[in-house]
Amino acid sequence: MYKNLAQFTKDKRKEANLTQQEFAERAGVALTVVRKIEQGKENLSLAKVNQVLLMFGNKLAPLTLKEIEK
């Protein structure tokens, strides 16, 4: 299991043998979005993050209060 989004994205991109630029183009996002995700930046659009994650068949969803309390 991955500890964070940055490592997950970077590892999956590398497994696909894609540069950040190639990955951004395929995901339909700007290169800066991929870089920010892989650097662990915090102020990211959930829609853009999900656009990137959909390349791997994943997406993020907001947590419910019950999930946060666990």
Side-chain angles (χ1 to χ4, degrees):
M1 175 165 235
Y2 288 91
K3 292 183 181 182
N4 61 52
L5 175 64
Q7 195 61 51
F8 173 81
T9 304
K10 188 173 187 176
D11 288 350
K12 291 293 186 180
R13 176 183 59 78
K14 286 185 174 189
E15 284 175 20
N17 264 344
L18 296 171
T19 65
Q20 286 181 332
Q21 180 66 46
E22 292 168 333
F23 183 71
E25 289 171 5
R26 290 190 187 186
V29 299
L31 175 59
T32 56
V33 172
V34 173
R35 286 183 177 161
K36 286 179 180 180
I37 291 171
E38 289 189 5
Q39 292 171 358
K41 302 290 183 184
E42 294 183 4
N43 282 334
L44 298 168
S45 157
L46 183 58
K48 292 290 183 189
V49 170
N50 278 333
Q51 198 170 341
V52 168
L53 291 179
L54 283 173
M55 291 281 294
F56 312 120
N58 294 285
K59 69 178 185 175
L60 288 177
L63 295 174
T64 64
L65 185 55
K66 202 179 244 185
E67 291 170 316
I68 294 171
E69 290 174 348
K70 286 183 180 180

Could you measure the distance from the CZ atom of Arg13 to the NZ atom of Lys10? Nearest 0.5 Å is fine.
7.0 Å
Do you know which of Ile37, Thr9, Leu54 makes side chain to side chain contact (heavy atoms under 4.5 Å, CB included) with Val49?
Ile37
In this structure, NZ of Lys48 is separated from NZ of Lys36 (nearest 0.5 Å) by 11.0 Å
Enumerate the residue pairs fulfilling ring pair (Phe, Tyr, Trp, His ring centres under 6.0 Å) with a member in residues 29-54, sequence neighbours excluded, ordered by first and then second residue.
none
Testing the basics here: between Ala6 and Gly40, what is the closest heavy-atom pair and its distance to 0.1 Å?
CB-N, 3.9 Å
Quiz: residues 22-33 side-chain donor-acceptor pairs under 3.5 angstrom, not counting sequence neighbours:
from	atom 1	to	atom 2	distance (Å)
Glu22	OE1	Thr19	N	2.8
Glu22	OE1	Thr19	OG1	3.4
Glu25	OE2	Gln21	NE2	2.9

Residues passing the side-chain contact (heavy atoms from CB on, under 4.5 Å) test with Gln39, sequence neighbours excluded, are Arg35, Lys41
